Every structure is written in C-alpha cells, then in structure tokens.
Chemist: 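Just dropping this structure here.
This is a predicted model, so every value here is computed, not measured. Whatever order the structure lists them in is the order used to number ligands and atoms, beginning at 1.
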Amino acid sequence: MEVVIVPSAEDGGRLVGGAIADLLTGNPAAVLGLATGSTPLPLYDDLVRRHTEDGLSFAKATGFALDEYVGLPDNHPESYRAVIKREIADRVDFQPSSVHGPDGWSSDIKAASIAYDDAIAAAGGIDLQILGVGTDGHIGFNEPISSLASPTRIKTLTDQTREDNARFFDDDLSQVPTHVLTQGVGTILRARHLVLLAWGANKAEAIRATVEGPVTSMIPSTALQLHPHATIVCDEAAASELANAAHYKWTYEHKPAWQGL
Ligand code: F6R
C-alpha cells in the first residue's frame, strides 16, 4: 500500500488525473472503475480539463460504476447512473454504450448482480478503480461485515451512510434508499490498481483504520491491505489520524519517478 498526502483535494485530483492520463495514453481502451459521491469530483474536473485542453480521449475506454441505489425512480437525478453521466461521462468523449452500472431497476436483482461481475470480467477486468470511503469504512456500498470475498450483490445501507448521503436528497432521510447494488469487496479487489481518495477530517478515522488498522470486515476498506497495488491519496485533514504520516510523506518524496503512482 502507498499513502500519498496532498495539500488539497484539487492537488489529489491532478495527481490521479495524471495517472489516468498515463494509463489511457499507454492503452486507450483501458477499463476504468468509476466512483460517485463528492470525493471523485476534483478528479473528474481534472479529467475534463485534460480532455478539453490536452485532447485526452476516453472514446475507446470503458467505465464501470461501483454501485447503484435500488428503489429510485428510473429518471431520478441522484441515481448513480445519472450522476456518472452528469459528472464525467457526458463531459468527456466516453461512448455512452461503454459506461456501465449495476442495474438497480432489474426485476431480478440476483441475476443483475451476476451479470455485472460477468460484464466486468468480459471487458478484461478493471485496470484502475477509483474509490471513495464512507465514514464507516465502506468501499462501494460494502457496509461493515461485508465479506471481503463478496461479489456484486444487494446490500442494506447503515443508518450512518443514509444520514451521510441525505445531503444529496434535500437533507430528507426518508428519500434516501435503504438498499443498493454494489460491486463486492472481492470484485473490487480484482481490479489491477485501486486508488482510494479521501478529503476532510470526517474521513480521518476511516483512513487511519484503512492504512494502519487490522484487516477486518467490520471496516471493509481495510481489504485494500490485501491488494498488491493500492494507493491512498488523501489531504492533510484526512491523514491527520495516521501515526506514521511523516514516513509516508518521506517515502513518496523519495520515490523513484519511474514507479509512477
Ligand atoms: C460511491 C461509493 C461510496 C462513496 C462513499 C463516500 O460510488 O461507492 O463508497 O465513495 O460513500 O462518499 P462521498 O465521496 O460522498 O464522501
């Protein structure tokens, strides 16, 4: 695991945007795992800038969203299908047919879950998976006690996560769905590079546990410790509970440039 502590979310967005640009330059048909929520927005802004100013193209790339609510109306603006379209897919030159998400509207959720993992496998797997982290340590919507080997499946959101996400639903908890379809922890661990972003003091405890705590399904983000190429990019506030922050900074500053992110 590598921990990169950046001065701001914008700096983090630029850093990871550079890694994605390098990936797409080497392989224009790369497969990206896309997160929603507020965390990836500075990264998406950076990718849009690279597309507009530098000609970075997503035309041959494929995107897979991490998760989707179950129970929202088809055209709801906060469905993750709508959010991915609005925040990144429509702002660059992704082919609409190349951006996928779990089908939270399926009448057969179990079949839709299996189909999603099959689609990721058929695309050759995810090259780089963007992740945020919940205040309770969820990745995707894998809440505490999610199996660390789990496939895509339906999950029940915790009260904490529903309260955290009420800001996207007019601060009205009753509008926040109770169920989601999410890539499993096992699905996420199959991506070739995991990049988890975190900004702000409310993520500090989750980042401490992810990096320095024991691996436990009570905090699904700790599964990143099992991955051979996991990068945590966080700002100073999110890094504020790390015991060894000074060492991570020194390590990153002295990293050979050829290693990339
Ligand atoms: C989003 C997702 C979630 C969020 C997490 C943090 O697709 O899978 O794990 O990354 O809930 O949300 P924000 O970024 O809004 O703090």
Chemist: Can you find a heavy atom in the side chain of Arg167 that is under 4.5 Å from one in the side chain of Ser38?
Modeler: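 Yes - at least one pair of side-chain heavy atoms lies under 4.5 Å apart.
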
Chemist: Side chain of Glu143, backbone of His138: donor and acceptor closer than 3.5 Å?
Modeler: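 No, because the side chain of Glu143 does not come within donor-acceptor range (under 3.5 Å) of the backbone of His138.
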
Chemist: Which protein heavy atom lies closest to atom 2 (C) of ligand 1, and at what distance to 0.1 Å?
Modeler: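 Minimum-distance protein heavy atom for atom 2 (C) of ligand 1 reads Asp67 OD2, 3.3 Å.
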
Chemist: Are the side chain of Gln160 and the backbone of Thr135 linked by a donor-acceptor contact shorter than 3.5 Å?
Modeler: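 No, because the side chain of Gln160 does not come within donor-acceptor range (under 3.5 Å) of the backbone of Thr135.
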
Chemist: Which residue from Gly134, Ala35, Ala65, Gly140 reaches closest to atom 3 (C) of ligand 1 through any of its heavy atoms?
Modeler: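 Minimum heavy-atom distance to atom 3 (C) of ligand 1 goes to Gly140.
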
Chemist: Just so I know, are the side chains of Asn202 and Asp164 near enough to count as touching, which here means a heavy-atom distance under 4.5 Å?
Modeler: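 They are not in contact (no side-chain heavy atoms under 4.5 Å apart), so the answer is no.
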
Chemist: Is there a polar contact between ligand 1 and Thr39, counting only N or O atoms under 3.5 Å apart?
Modeler: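 Right, the criterion is met.
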
Chemist: With a 4.0 Å cut-off, would you call Glu78 and Arg86 a salt bridge?
Modeler: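 A salt bridge is present here (some side-chain N lies under 4.0 Å from a carboxylate O).
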
Chemist: Can you list the ligand 1 atoms lying under 4.0 Å from a non-hydrogen atom of Val133?
Modeler: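 So the atoms of ligand 1 that pass are 5 (C), 6 (C), 10 (O).
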
Chemist: Look only at the side chain of Asn142 and the backbone of Ile139, and say whether a donor-acceptor pair between them is shorter than 3.5 Å.
Modeler: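 Answer holds: yes.
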
Chemist: Can you confirm, on distance only, whether ligand 1 has an N/O atom lying under 3.5 Å from any N/O atom belonging to His138?
Modeler: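 Yes: some nitrogen or oxygen of His138 is under 3.5 Å from one in ligand 1.
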
Chemist: Hey, is NZ on Lys60 packed in by over 12 heavy atoms from elsewhere, all under 6.0 Å?
Modeler: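 No, NZ of Lys60 has 12 or fewer neighbouring heavy atoms, counting only those of other groups under 6.0 Å.
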
Chemist: Is it true that a side-chain atom of Ser98 and a backbone atom of Phe94 form a donor plus acceptor pair closer than 3.5 Å?
Modeler: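 Side chain of Ser98 to backbone of Phe94, a donor-acceptor pair under 3.5 Å: no, none is there.
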
Chemist: Short list, please: which atoms of ligand 1 are under 4.0 Å from a heavy atom of Leu66?
Modeler: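 The atoms of ligand 1 under 4.0 Å from a heavy atom of Leu66 are 8 (O).
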
Chemist: Run the numbers for me: atoms of ligand 1, each under 4.0 Å from some heavy atom of Gly37, listed by number.
Modeler: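 Listed by number with element: 14 (O), 15 (O).
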
Chemist: Which residue and non-hydrogen atom of the protein lie closest to atom 7 (O) of ligand 1, and at what distance in Å?
Modeler: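 Result for atom 7 (O) of ligand 1: Thr36 OG1, 2.6 Å.
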
Chemist: Considering non-hydrogen atoms of the protein only, which is the closest contact for atom 10 (O) of ligand 1, and what is the distance?
Modeler: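 Looking at atom 10 (O) of ligand 1, the protein heavy atom closest to it is Gly132 CA, 3.3 Å.
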
Chemist: Identify, by atom number and element, the atoms of ligand 1 in contact range of Lys203, meaning under 4.0 Å from any of its heavy atoms.
Modeler: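 Close to Lys203: 6 (C), 13 (P), 16 (O).
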
Chemist: Classify the contact between Glu68 and ligand 1 as side chain, backbone, both or neither, using a heavy-atom distance cut-off of under 4.0 Å.
Modeler: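 It is neither; nothing of Glu68 touches ligand 1.
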
Chemist: With a 4.0 Å cut-off on heavy atoms, is Gln183 in contact with ligand 1?
Modeler: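 Outside the 4.0 Å threshold, so no.
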
Chemist: Considering only heavy atoms of Arg167, which atoms of ligand 1 have at least one such atom less than 4.0 Å away?
Modeler: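 In order of number, 13 (P), 15 (O), 16 (O).
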
Chemist: With a 4.0 Å cut-off on N to O distance, would you call Asp46 and Arg14 a salt bridge?
Modeler: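 A salt bridge is absent here (no side-chain N lies under 4.0 Å from a carboxylate O).
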
